[in-house]
Each structure stands twice: as structure tokens, then as C-alpha cells.
Amino acid sequence: MVSRRHTGHPRSAAEQILDGLNDNQREAVTAIDGPLLIIAGPGSGKTRVITHRIAYLVRVVGITPYGIAAVTFTNKAAREMRQRLVPLLGQAADRLTASTFHAFCANVLRREGEHIGLDRDFVIYDDTDQMALVKRALTELELDPKRFPPRSILSGISSAKSELLGVEGLAHRSGSYWDEIVVRAYERYEDLLRQCSAVDFDDLLLRTYRLFERVPDVAQKYQERYVHFMIDEFQDTNVAQYAIARQLARHHLNICVVGDPDQSIYTWRNADIRNILSFQDDYPKAKLIALEENYRSTQTILDAARSLIASNTQRVDKDLWTRNGEGVPIVIAEGYNEEDEAQFVIREIQSLTKNQESVVGRKKSGPSLGDIAVMYRVNAQSRALEEACLRYGVPYQVVGGMKFYQRQEVKDIIAYLRLIANPDDDVSLNRVINLPTRGIGQRTLDHLARTARGAGTSQFAAIKSLSDGSVLDRDAVISPFTARAKTALIGFGNLIKSIADEREDLDLLDIIDAVLERSGYQRWLLDQERGEERMENIHEFRASARDYLSLGRTEALSAFLESVSLVADVDSMEDRTDAITLITLHQAKGLEFPVVFMVGMEEGLLPHSRSMDDPTQLEEERRLCYVGVTRAKERLYLLRAFRRGFRGMSGGSEPGTPSRFLLDIPQELLAAPTQPKSPATGNQRSAVRRAESGEGVRSAMTESRREGIRRTKLPTPSRSDNRERSFGTIRSVRSSRAPNVPGQRPARAGSNQAAASPRLATGDKVMHKVFGEGIVMECKPSSGDFEVTIAFKDGAGVKRLLLGMAPIEKVS
DNA sequence: CGAGAATAGTTTTTT
DNA sequence: ACTATTCTCG
């Protein structure tokens with residue numbers, strides 16, 4: 001490379017690439033000949049090894065980036081890999097294939113699908129679409145969805161596909177009545193997919209596999225191209241993915257897989273840990289390298305992780321170690337309920353980040369908000385956290401949850417677009433044919449489905465033949481459609497056709513606008529509940545289409561639709577320094593944060609109730625917990641709630657039990673919570689301790705129950721004062737601020753508070769520390785404080801905040 | 001026959 | 001709470 005050196009010899013590329021790697025890492029980077037299995041513990045520099053290995057292949061060995069493929073679990077990981085390669089490879093990094101298995105396969109199929117009779121404009125069906133199709137298949141087979149839940153049927157189909165079993169293959173293997181039903185549904189489901197020119201997620205893999213099997217020329221092309229094939233997160237690949245990798249590596253045999261069996265958390269999605277064993281069978285000469293030095297976490301965190309995972313019986317022990325210091329103890333704490341738990345998290349975050357606010361010259365370097373993540377088992381848990389963030393004015397970023405592309409209004413527009421790209425897409429057609437209402441009801445749709453099926457065409461085609469009268473003329477006498485329905489159907493058909501016909505003349509944005517206008521969707525939506533807000537989502541969606549304008553007009557629509565189908569939530573996660581991250585444990589895989597809070601450490605949540613009975617699944621839950629713990633670099637908090645609401649009935653549930661995983665963590669790694677204002681923490685801890693020291697979980701629970709109630713000085717819960725009660729549990733707040741209960745509701749338990757008036761009124765101008773300037777829109781009493789609704793300038797939007805908590809000042 | 005209202009059932013994790 | 005299906009009315 002062109003850079004001046006003060007030593008006599010310029011450093012060679014090899015030296016530069018290997019610099020700073022430990023022995024095992026070096027070995028992994030330079031073992032470039034033949035199959036390689038890297039077992040990489042958490043924080044062992046896995047990504048570094050992969051990127052440096054690629055750099056080594058290119059700059060030292062001289063392989064063209066074009067000949068290297070690296071498959072990752074998410075698009076985000078792929079993007080990051082490419083970015084990290086830029087300093088090592090420069091522009092050449094662009095030529096590398098780096099994507100998810102699914103995206104890779106979609107690409108191959110888009111280019112080569114014709115060989116196996118795949119329509120050029122095929123759409124990719126997501127989970128919801130698949131369900132619609134399975135339901136239809138069941139109806140057509142006259143199977144009772146109560147006895148045969150579509151969900152279960154679909155998962156049967158999906159796991160068959162993940163193991164490369166077609167209908168025949170599954171039929172062959174089936175051994176029970178249930179299997180028999182799945183086979184029949186599978187068969188019909190496949191017909192429907194074909195009819196719609198659609199493939200589902202599993203098909204992307206299955207069909208790529210078949211393509212390579214059946215069309216050797218195509219397979220050969222890719223086999224020769226990819227001199228090196230690498231797979232990250234190998235423990236989470238399924239049989240189909242591994243099979244494709246083997247196909248691709250058949251020629252050069254340079255296949256490198258990187259994984260950690262202890263981090264396998266996707267077996268429910270048919271990932272198969274046995275792939276790691278198979279790898280060694282399939283490639284007996286494979287070199288095996290273990291990366292065991294951890295660069296990420298403190299000794300304390302690593303110790304906790306180690307003892308936790310050691311409780312799993314189905315595993316090979318690893319020797320994880322770190323040179324990092326001991327660090328600070330792990331904090332285990334209990335909140336009264338989920339709100340209280342969230343409260344604890346937020347207050348702790350505030351105290352952690354307080355030290356470094358706007359002082360000239362660097363002050364104490366505490367974590368910034370971007371260094372902090374709160375992790376949970378189920379998406380629903382984000383809610384309490386979000387609310388707490390809003391109240392306290394802590395900026396946050398939720399990964400996933402209500403996925404953007406899953407929002408109804410967005411999916412509606414996507415359905416229109418898909419239909420324009422591929423009118424045979426029955427699922428999309430059914431979604432929007434009566435949206436806005438066009439007088440096409442269930443009855444008409446049933447007829448339409450039957451007609452289409454009878455004619456062996458898609459529903460759109462059936463509508464078309466209705467309008468030109470071709471097919472149905474013969475049956476005109478018994479035509480099931482009323483004149484009104486017929487007109488409505490033809491009207492819809494023309495709508496789609498007219499836009500599709502202009503596809504060449506319109507760019508992507510025009511098409512979206514045409515849909516919004518001509519379908520009447522926009523006008524209709526704005527009249528709906530929360531219409532404005534939902535329209536905003538559509539605008540955001542429309543804006544995201546901008547990226548595709550540079551592509552040709554024909555290409556843009558399909559490319560856009562494809563990207564929409566294949567993004568993961570974590571893909572759109574930004575590396576923000578100014579907001580905490582709320583994320584599920586699953587999505588957190590592969591990420592790291594200086595500070596990690598894991599909430600919901602309770603039996604039933606982690607481990608989840610669905611997985612508690614089965615030892616295999618239980619071990620997966622423990623691995624999930626392990627993944628969470630090992631995300632933390634410096635500080636780890638394990639929280640739980642004494643009571644947790646269930647589906648809306650907040651707080652009214654039975655007391656919970658601390659997660660058994662807490663018992664796996666040695667006491668000496670634990671500390672009292674760092675929140676001095678909280679008088680209850682010591683007791684909470686003793687509750688946990690007691691549970692650990694063998695007195696049993698039950699007694700710990702009873703203890704903490706007594707604690708919870710005493711601490712909060714509250715009478716027996718009654719439904720009506722849920723909110724007040726939960727406020728009462730905000731321990732430290734209570735001691736530091738006098739709650740203001742407005743006159744309206746004096747009947748609060750122990751009402752020793754005088755009514756006070758809010759210090760803000762509607763119309764006041766305020767300044768918020770984080771969100772900036774805003775106007776008060778509403779101010780109403782809430783849980784002994786006031787909830788103010790403020791519209792902020794500068795795109796911060798409208799926020800609901802708790803007056804007593806939020807860093808707000810009145811401006812004028 | 002369709003549209004909105006009432007009611008029943010239910011999701012753990014996601015490419 | 002949230003949706004998906006069923007019920008009832010125009």
C-alpha cells in the first residue's frame with residue numbers, strides 16, 4: 001500500500017492484516033485452504049476474524065472479492081461486514097457478496113428462476129401471507145381450522161421445507177393422521193403458491209437448492225465463481241441453508257463456518273445445531289479452531305455467563321476467559337410490577353449518565369445513552385419501558401416490535417404494489433379488493449375464489465374474464481355474481497390494470513401516488529380512526545421508495561418489493577449515541593453494549609412458559625439468557641417484577657417467581673443495586689439470596705410479596721385504583737417528591753396529599769432538555785402527578801410526559 | 001348481500 | 001390488548 005514507513009521495510013499486507021490478532025485468530029485468518037470450522041465464543045473477535053480473513057484472501061492470497069461470499073444472519077451484519085472491510089480493501093469491498101441466505105437466494109432465483117419455471121415477477125410471501133394461504137387451503141380441503149390450527153399446519157409445512165422435503169418427501173415420511181393432514185394441506189398450499197406466482201421464505205432456500213440440483217449448468221456457474229464461501233452464525237442455520245452452502249462449495253471446497261453452539265437460539269425456526277456435527281462428518285478434513293479469549297466483557301460478567309451456561313447438559317464445555325478486569329458487580333433487583341421495573345431501569349440510566357452532561361472539558365466518562373440497551377424476552381415488554389422513557393424524557397429506540405412494514409396501512413399499500421407487479425397474487429388481491437369498501441363482501445369473494453379455482457386461474461384472471469365475458473359466458477345463466485358485485489369486481493380489475501399498464505411511464509413514487517389517489521385509499525384512510533397518523537406511516541414508506549428511483553422503471557418496483565420482504569427489524573437499527581436501545585434478546589444476538597439491562601427475569605417469561613416443560617427447549621431458553629448476559633461489556637442488571645400484568649389487566653396477576661436462571665449466577669458476583677434512594681433493594685436482594693441459598697423459590701416469593709406490600713403501604717389491590725397503586729410503588733420518587741393528587745380523585749388510598757394545581761397550562765411554551773421547545777397541548781392529572789401532552793418542534797413530535805419527572809421548564 | 005358491532009380467542013422468539 | 005371471526009341490522 002502506498003504509505004510512508006519510517007522503518008526500512010514497509011509492512012507487508014499480511015503483517016498489517018494480522019496485526020493485533022491473537023494466535024488462534026491468526027490461524028483462523030490464514031487457514032485458507034479447505035474446510036474450516038471456527039467455534040467462536042461470545043466477544044471473541046469473531047467478526048474481526050471474518051473480515052480480516054476476507055482481507056487476507058484478497059490482499060495476500062489474491063482472490064478477487066467477486067469470488068468470495070459471506071453469508072450472515074441479518075442484513076445489518078452484512079452491511080457492517082462490508083463497512084469494516086472498506087478500510088482494509090477500499091472500493092474492492094463492494095464486489096464481495098455479503099448478504100443473508102434469504103437475500104442471496106432471492107437474488108439467484110430472480111436471475112435464474114426461469115430454469116425451474118419460476119415467474120420472473122414472483123412475490124415473496126411473509127408469514128401473514130402464508131397464513132392466509134394455509135387458511136384457504138384448509139377451507140378448500142374442508143378441514144376444520146379448530147381441529148387443525150392453520151398455525152400448526154404452517155409450521156409443519158415450514159419445517160418440512162427447511163429440511164428440503166417437498167410434498168412427496170413429506171408424504172413418504174409421514175406416519176400419523178396429523179402428518180397426513182399436513183401433507184394434504186402442503187400439497188394444496190403449494191398449488192396456491194404457484195397460482196399466485198409466489199414463493200414463501202422457506203421456498204427461497206428450497207427452490208435455490210433444487211435449482212442447483214436440477215440445473216447443473218447454473219450450479220456450476222456459482223460453484224466456480226465462489227472460491228470461498230463463509231457462513232456466520234452457523235449454529236442458527238437450518239438444513240436447507242447448510243445444503244446450499246455445500247452445493248456452492250462443491251468445486252473449491254473452501255467452506256468456512258463460524259458459530260457457537262451455546263448461542264443457538266433459533267431451533268424454533270428450524271435451525272439445526274446438528275449442522276455443526278454434520279460439518280465435521282461431511283468434511284472430515286476440516287480444520288477446527290476455537291476462539292476462547294473474550295475481549296468484550298468484564299471478568300464478572302463472563303463468570304456469570306459461564307456458570308449460567310454450565311447448567312445446560314447438552315453441550316460441550318468451552319474454556320472462556322478474558323484479560324479484562326473484574327469490573328463492577330452484577331445487579332439483581334425486583335420491582336413491584338412491570339412499571340416499577342421500568343422505572344428502576346430509567347432511574348438507573350439517569351444516574352449512570354448524569355455525570356457527563358455538558359461540562360466543558362471532559363468530565364467523568366459515564367456511559368452515554370447509546371451505550372445502553374434494555375433487553376427482554378417478548379416484544380410486549382417494550383411497552384412499559386417505552387412509557388417510562390416518555391415520562392422521564394429518556395430518548396429511546398425500539399428495535400422491532402410493531403414492525404414498520406407490518407403495519408396495516410403499509411401492508412395495504414404494499415399489497416396494491418404487489419398486485420400491480422404481479423396480478424396473480426391472490427393474497428394481496430384479497431387484502432385490498434375491498435379496501436376502501438367497494439361493496440365486495442365475503443360472499444362475492446367466495447364465489448370469486450371458486451370461479452378462479454374452477455377455471456384454474458388466479459382470481460385476477462377470473463375478474464378479467466368476467467369483464468370480457470369470455471370464460472363465463474357459457475355459464476352466464478348460473479353466474480353466481482350479482483350485477484352489483486360484478487360491476488364492483490370489474491371496477492377493481494380496471495383500477496389495477498390501469499396502473500399496471502402505465503407502469504413504464506411512472507416512476508415508483510408516481511405509482512404509489514396513483515395507488516393512493518385512484519384507489520381512493522388515501523381519502524378513505526384519512527376518515528378512519530387515527531387516519532392522519534397512519535397516513536404519516538404511508539408517507540414514510542413512500543419516502544423509503546426514493547432509494548430505488550435510480551433503478552430502471554421496470555426493475556425499481558420489483559427490487560423495492562423484494563427489499564421490503566427481506567428486511568429484518570434489526571437491519572434498520574441505527575447506531576445512535578443519543579438514545580437507549582430497547583430490543584428482544586433474539587435480536588440482540590451479535591450486538592454488544594457497555595450497559596445491559598435484562599428485564600422480566602421471571603419464570604414464565606425467561607424461561608418462557610411455552611418452553612418450560614421440555615428440557616430441550618428449556619436449554620434453548622438458557623442459551624437465550626446467555627446471549628443476553630454476554631452482550632454486556634461493563635454493567636449488567638437482571639431485573640424482574642413481583643407481579644406482571646397479562647394482556648392489559650395490568651398488575652392484577654398472580655405474583656411471579658424469580659427466574660431459575662438467576663440461581664445459576666454465583667452470589668459473589670452480585671451487588672446491591674446502586675440506587676441509594678431505594679430502601680427496598682436490600683430486602684429484594686435478600687429474597688433472591690434466600691432463593692439461591694436453597695430455601696426455595698417459594699419462600700423467596702412470599703418474602704418479596706410481603707416486602708412489596710409493606711414497601712408500598714397500600715391496601716388490598718382493587719381494580720379501580722390500579723394506576724394509583726402502581727404509582728405508589730415508585731419508591732424513590734415517592735420519597736423525593738410530593739405527589740400532587742388533584743381534587744378530582746381524592747379517594748386515593750391514604751390520601752395524605754394535598755391537591756395541587758399543575759404548574760403548566762394548555763398553550764404554555766416549554767423547553768425540554770432532550771426534545772427542545774414545545775407547546776403544552778393538554779395537562780391532566782395522572783397517578784398523583786400531571787400528564788402533560790406536549791407538541792415539540794423540530795420533528796420530535798407529540799409526547800406524553802409526566803410533569804413531575806420530565807426535565808421541562810416553562811419558557812414564557 | 002354487505003358493513004359495522006359484538007365477541008371470542010390468543011403470539012415467544014423472526015429471515 | 002389486539003385481532004379474527006361471528007352476529008345483526010339495513
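Chain letters run A, B, ... following the sequence lines, proteins first and then strands; every chain starts at 1. The structure presented is a predicted model; accordingly, all values stated were derived computationally and were not measured.
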Task: Near-parallel close stack of Tyr266(A) and dT13(B) base (under 5.5 Å, under 30°) - done: no
Open item on the list: Tell me every residue that passes salt bridge (charged side-chain N to carboxylate O under 4.0 Å, His left out) with Arg136(A), counting only those two or more places apart in sequence or in another chain.
Closed with: Glu140(A), Asp426(A)
Task: Rounded distance in Å - CG (Leu591(A)) to P (dT13(B)) - done: 17 Å
Task: Atom pair CD/CG of Glu602(A) and Leu639(A) - distance to nearest 0.5 Å - done: 9.5 Å
- [ ] Please work out which of the three classes, parallel, tilted or perpendicular, describes the rings of His586(A) and Trp268(A), given edges at 30° and 60°.
- [x] perpendicular
Open item on the list: Mind checking if Arg443(A) touches a base, just sugar-phosphate, or nothing, with heavy atoms under 4.0 Å?
Closed with: sugar-phosphate
Task: Atom-pair distance (CD on Glu386(A); P on dA1(C)), nearest Å - done: 15 Å
TODO: Between dT14(B), dG4(B), dC1(B), spot the one nearest the side chain of Thr437(A), thanks.
DONE: dG4(B)
- [ ] Pick base, sugar-phosphate or nothing for Asn434(A), based on heavy-atom distances below 4.0 Å to the nucleic acid.
- [x] sugar-phosphate
Task: Protein-nucleotide distance (Ile265(A), atom CD1; dT14(B), atom P), rounded to Å - done: 9 Å
Open item on the list: Any base atoms under 4.0 Å from Phe73(A), or only sugar-phosphate, or nothing? Heavy atoms, all strands.
Closed with: sugar-phosphate
Open item on the list: Please report the distance, rounded to the nearest Å, between CD in Gln442(A) and C1' in dC1(B).
Closed with: 12 Å
Task: salt bridge (charged side-chain N to carboxylate O under 4.0 Å, His left out) partners of Arg610(A), counting only residues at least two apart - done: none
Open item on the list: Just the rounded figure in Å: distance from P of dT13(B) to CE of Met375(A).
Closed with: 16 Å
Would you tabulate the pairs of protein nitrogen or oxygen atoms and nucleotide nitrogen or oxygen atoms of nucleotides 4-10 of chain C closer than 3.5 angstrom?
from: dT5(C); atom 1: OP1; to: Lys135(A); atom 2: NZ; distance (Å): 3.4

Open item on the list: By nearest atom, which of the nucleotides dA1(C), dT15(B), dT13(B) is closest to the Thr100(A) side chain?
Closed with: dT15(B)
Open item on the list: For Ser609(A) and Gln241(A), find the nucleotide of DNA chain B closest to each by heavy atoms; which residue's nucleotide sits nearer the 5' end?
Closed with: Ser609(A)
Task: Residues that Tyr209(A) engages under ring pair (Phe, Tyr, Trp, His ring centres under 6.0 Å), provided they are two or more places apart - done: none
Open item on the list: Could you work out, with salt bridge (charged side-chain N to carboxylate O under 4.0 Å, His left out) as the rule, every residue matching Arg82(A), not counting sequence neighbours?
Closed with: none
Open item on the list: Quick check on DNA chain B: between Thr584(A) and Arg484(A), whose nearest nucleotide comes earlier from the 5' end?
Closed with: Arg484(A)
Open item on the list: Between Phe560(A) and Phe541(A), is the ring centroid distance below 6.0 Å?
Closed with: yes
Task: Between dT13(B) (P) and Leu618(A) (CG): distance, integer Å - done: 18 Å
Task: Nucleotide of dC1(B), dA1(C), dT14(B) approaching Arg269(A) most closely (side-chain heavy atoms) - done: dT14(B)
Open item on the list: Rounding to an integer number of Å, can you tell me how far Asp127(A) CG sits from dT3(C) C1'?
Closed with: 15 Å
Task: Side chain of Thr444(A) - closest among dA3(B), dT11(B), dC1(B) - done: dC1(B)
Task: OP1 or OP2 of dT14(B) under 4.0 Å from side-chain N/O of Asn379(A) - done: yes
Open item on the list: If the condition is salt bridge (charged side-chain N to carboxylate O under 4.0 Å, His left out), which residues does Asp236(A) pass it with, not counting sequence neighbours?
Closed with: Lys589(A)
Task: Closest to side chain of Trp268(A), choosing from dC1(B), dT15(B), dT14(B) - done: dT14(B)
Task: Interatomic distance where CH2 belongs to Trp524(A) and P belongs to dA3(B) [whole Å] - done: 12 Å
